[in-house]
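All remarks here apply to the structure that follows.
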Amino acid sequence: MREGRTKGGTWRRGCVSCPSIRAPKVPLAFSGGAMGSWQARPEQQHYYHQLAQKTGFSAEQIKNLHHRFRELSANGETIRAHLESIPTLAKNPIKKQIIDAFFDKRNQQEGESGRLEELDLGHFLMVMSHFRPPRHKSGEDERCAVRRQKLRFLFNMHDTDNDGTITLVEYRKVVEELLSKSGAIGHEAAKAIADAAMLEVASTNVPHMAPDEFYEGITFEHFEQILNGLEMESRMHIRFLDVDTSTVRCGKAGSTSTP
Amino acid sequence: MLARASAALLLPPLLFLAPRARASSDPAEAEEERAGHGHGGGGYRVVQWEWSYVQTPYVIAVWLLVASVAKILFQLSRRLTRVVPESVLLILLGLALGGLALLADDKQPYQLEPALFFLFLLPTIVGDAGYFMPARLFFDNLGAILTYAVAGTLWNAFGTGLALTAAHRLGVIDERVEAGLLDFLLFGALISAVDPVAVLAVFEEVHVNDTLFIIVFGESLLNDAVTVVLYKVYISFVEVGTENVQMADYFKGMASFLVVSAGGTSVGLVFAVILSLLTRFTKKVRIIEPLFVLLLVYLAYLTAELFSLSSILSMTFCGIGANKYVEANISQKSRTAVKYTMKTLASIAETLIFIFLGISAVDKSKWAWDTGLVACTLIFIFIFRALGVMGQTWVLNRFRLVPLDKIDQVVMSYGGLRGAVAFALVVLLDGQRVKAKDYFVATTIVVVFFTVMFQGLTIKPLVKWLKVPRSTSRKPTINEEIHERAFDHILTAVEDIAGLQGYHHWRDKWEQFDKNYLSKLLLRKSAYRKSELWEAYQKINIRDAISVIDQGGNVVNAARLSLPSVTSGASFPDASNVTSYLRENGSGVCLDLQVVDKVPGAKVEEETETHHVLAENLYKPRRRYQSHYSRHFMPAGEKERQDREVFQRNMKSRMETFKSGRHKRHKKERGLKKRRASDARDDGGDKPRRGIDRQDKDPVVIPVVSDEDDEFQCRRKEPETDDDVGITFVALKAEAPQKRPHSMTGAPPAADAHLPWKGGGAPWPPPCLSLEATKVIPVDLRQAWNQSISSLESVSEAAGSRAGASTRPASYAGAAPIAPAPLLEKNQEEEEEEDETVPLVPSRRPPVPSPLPAALAPGRHRKPRVYLRSLVTSPPSGGSEGPAGKGPTQL
């Protein structure tokens with residue numbers, strides 16, 4: 001996060017609350033964290049263990065994410081405020097949806113709905129776990145499960161009113177947001193694209209509609225169907241570091257890299 | 001005067017085989033030869049034999065011809081080419097030709113000349129590969145590719161070299177092979193590199209999944225730097241002698257690796273920038289756009305070669321780097337031209353390479369066989385390749401999110417094909433310095449043949465047997481495109497939130513940089529303003545429309561998308577959008593064929609058929625394109641119009657196919673509707689009636705119609721001048737039927753007039769109906785088509801088409817929006833009087849009598865009604881008519 005660091009100064013001034021985001025070598029012993037809740041080591045271990053079971057992260061990953069989480073919840077400000085002030089996120093066209101996803105109860109547990117007022121570490125990890133890469137030796141079933149889970153996350157993100165369908169209005173919103181940062185494309189274009197996409201969903205899923213039937217919106221099944229060709233399992237995840245966050249990165253930044 | 005002196009020719013002449021051989025191989029050439037020998041008398045010669053004058057180009061041309069014909073011949077047998085890769089066949093052909101030559105003459109006057117190979121044949125292939133490299137995939141896997149290319153090649157080179165030395169010491173390789181450690185290392189270096197030509201040739205037919213392909217192929221391209229450096233370093237070491245090599249030289253070798261690779265890459269990127277910049281300013285000289293692309297990519301190669309940098313790297317990165325900007329800058333035609341030229345050149349170069357490889361193999365003078373060396377080399381390269389792949393994959397998998405599994409590794413090991421690069425390099429060796437050159441040549445040939453032929457032949461069954469995931473040629477749908485992009489943003493966001501700087505973070509940074517600086521610099525203004533998603537959408541739009549029609553109506557009308565929050569008044573922007581769905585997805589055509597309104601008699605059916613045939617064949621005599629002789633300008637309008645026309649015709653024929661597929665079932669309805677449609681048209685327009693009685697036509701309406709028509713025509717003139725749109729107006733325009741190659745424009749048979757239903761249901765056959773029906777597909781698709789074209793083509797239209805995403809841009813639909821509105825209003829008036837059901841207006845009566853043009857839009861009137869119902873929640877009568885009438889205005 002080069003930019004994060006360089007801009008760190010201004011950012012910190014902007015939001016008083018994050019003293020050490022990305023401080024390079026914060027020791028991982030959680031002796032006096034800002035949250036002040038899991039100081040005792042055995043307790044913390046236990047808590048981590050529980051979280052690990054729930055989310056599938058390794059203990060190391062949880063430590064790292066916990067570290068991050070404490071940064072995000074430092075100084076008594078809400079996490080949402082912290083999230084919204086992440087500088088690199090500012091340019092992201094779907095920033096709002098992503099942040100909302102963290103506060104969406106549907107992403108916490110199946111069958112729940114509604115919004116969370118504030119996150120705790122468990123919630124944070126739970127949402128993050130949607131982006132956990134699948135284990136190397138995963139069977140077909142597991143693969144399917146992972147896929148479904150990721151799809152569900154996406155679906156929830158689009159289905160803002162939680163009625164089980166992504167309606168046209170909602171879908172338009174999604175596309176609009178997606179395009180919002182690419183500048184040139186207008187409102188109308190976004191709409192047209194969303195409409196075309198919606199129509200495509202409708203036509204693939206309900207090919208033979210009676211004349212006076214309407215396509216209400218994309219249900220989860222249809223959503224699954226329509227994204228069948230997309231390799232979800234291998235695409236939608238990021239690398240959570242097993243070691244301390246100040247380790248090597250292996251992404252390449254575009255075509256400037258030389259062999 | 002002939003030939004023997006022509007050894008210096010780049011393309012060694014096959015023509016110069018002794019007559020004996022030639023007669024058997026190519027009678028035509030033998031003819032020439034005989035003629036050549038025949039002349040030589042004194043005095044004035046009526047026919048001069050100017051062989052030496054045309055020799056070089058002639059030989060080149062004949063070679064190209066041989067190669068091309070060979071390709072045709074191989075394709076004759078599908079079964080053969082399915083099993084045997086073309087490269088194998090080509091090598092066999094080369095072997096046969098070489099054998100013939102050998103029969104004729106002991107000396108082989110032709111070879112795969114390294115200069116020819118490196119300066120002409122290789123760049124065409126690499127250029128093509130680089131330019132059309134899927135950049136995203138390439139950079140997504142760059143880490144793996146680089147690892148395999150650098151570490152893997154080094155490992156292979158050293159491993160093979162050292163192992164061969166050991167084998168030599170142990171006596172497995174014969175004493176006659178005078179080679180020391182350095183010689184073997186040199187040999188190891190040139191034999192270990194995976195060859196891009198061979199990999200392309202073989203993998204193109206195997207269709208393994210994209211990731212696997214890009215890793216193997218990327219490796220084969222990027223290992224060039226390693227090979228070049230190793231080769232050069234060893235050559236220089238061999239030249240100065242082992243004992244004189246100092247420690248510093250090793251470091252120089254290392255440094256030279258960095259220079260060669262980084263230098264090659266940067267030369268490529270510099271040329272990519274130059275190329276992109278140049279194409280930014282070629283708007284006025286479209287005709288030479290393709291040349292710029294070809295030249296600069298080639299120059300990137302030559303420049304790198306000039307400074308003895310890695311030319312393959314240079315060319316590859318030039319292609320990858322420039323592709324995005326160039327494609328956005330140049331015109332559609334230029335794009336096609338570039339694509340075809342590159343593919344043609346690459347294909348022919350590949351063919352020549354394999355033929356020459358075959359021929360070169362049959363040259364006894366170059367061979368020195370040692371079974372031990374050959375066997376050891378074959379074994380070692382295979383073992384080291386396998387070990388190297390396993391080791392590196394093990395390391396890589398610790399970092400990769402998507403691990404490469406065992407099967408991938410097998411394919412990667414097995415796909416390590418050696419090819420012409422190795423051969424050219426080994427031929428380049430200096431026989432004085434490298435004593436064992438002949439042995440090396442023979443071994444290289446065997447290795448190349450073994451990998452290309454044996455492995456190339458068996459890799460397909462292997463891939464099948466291992467059930468390696470194949471690549472799908474399926475194009476992504478619009479939803480997938482949307483989500484692909486959503487993924488990128490989501491993952492970047494999650495990485496940011498998690499405080500990680502992973503791949504997505506950096507990719508996002510790069511994209512920002514690209515958007516903010518690079519694209520601004522390198523793209524035309526018009527191109528810059530378009531987003532990728534938009535482009536994708538345009539492409540998909542057209543494709544969807546086509547496939548929708550192909551599928552034959554399994555399409556849900558956009559009208560069925562429910563818009564919950566919309567009520568009649570507020571819905572109109574939405575309503576217009578719904579109609580725009582219809583347009584965009586072309587779903588309108590195939591709607592509702594099942595509607596059975598009436599059951600017409602057999603005669604009607606017959607008539608329908610006739611009408612159908614007529615309509616189908618009544619093409620408008622195409623507007624004759626002015627032939628232009630300017631070498632410098634291509635009239636753009638012409639081109640667009642042409643595109644449109646082609647598209648139009650395509651759509652039409654597709655629709656016809658579709659219809660004929662459905663014909664049996666819906667003949668009746670269609671017949672019925674067609675009549676109605678033609679009636680509607682007749683009544684609406686003022687074209688000369690052919691025996692159709694007009695009594696039933698409302699006299700009041702006529703002037704209105706013609707007024708509209710006039711306005712129409714005025715409007716119409718405009719678009720007509722710059723583009724050929726007009727189907728929309730067919731319904732109203734008198735001469736339209738003759739002019740437009742539209743299926744529904746056929747003149748209705750006179751008998752129609754007497755058909756029982758003719759005068760019945762529709763005293764005022766609403767033109768808007770036919771209009772609507774007529775319009776839906778072609779115009780809409782044309783709109784999408786236009787948009788995609790114009791989006792690529794013109795600066796000025798960018799804003800328009802963007803704004804007109806759902807409302808039609810004025811540029812090409814100037815008249816279109818006007819048409820439906822007044823007509824509809826008229827319709828409403830009409831309706832009030834006649835109580836006639838008009839599809840676009842919520843009906844008071846069953847839709848039965850509403851006339852529809854069958855040929856174009858068989859029975860699609862229901863859907864609009866449906867969508868209106870869905871959109872307009874107010875009662876179907878009275879109140880809803882106003883908005884409904886307005887709706888189509890936005891079409």
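Labels below follow one simple rule: chain letters A, B, ... track the order of the sequence lines, proteins then strands, and each chain is numbered from 1.
Residue contact with chain A, scored on non-hydrogen atoms closer than 4.5 Å, is absent for Ala149(B). Glu511(B) does not touch chain A: none of its heavy atoms, backbone or side chain, sits under 4.5 Å away.
Note that NE2 of His130(A) and CD1 of Ile490(B) are 11.5 Å apart. Values are rounded to the nearest 0.5 Å. From Phe102(A), atom CZ reaches atom CD1 of Ile497(B) across 4.0 Å, with rounding to the nearest 0.5 Å.
Taking both residues in full, the closest heavy atoms of Arg68(A) and Asp496(B) are given as NH2-O, 2.9 Å, listed atom of the first, atom of the second, then distance.
For the options Asp405(B), Val494(B), Ile145(B), heavy-atom pairs under 4.5 Å to chain A are most numerous at Val494(B).
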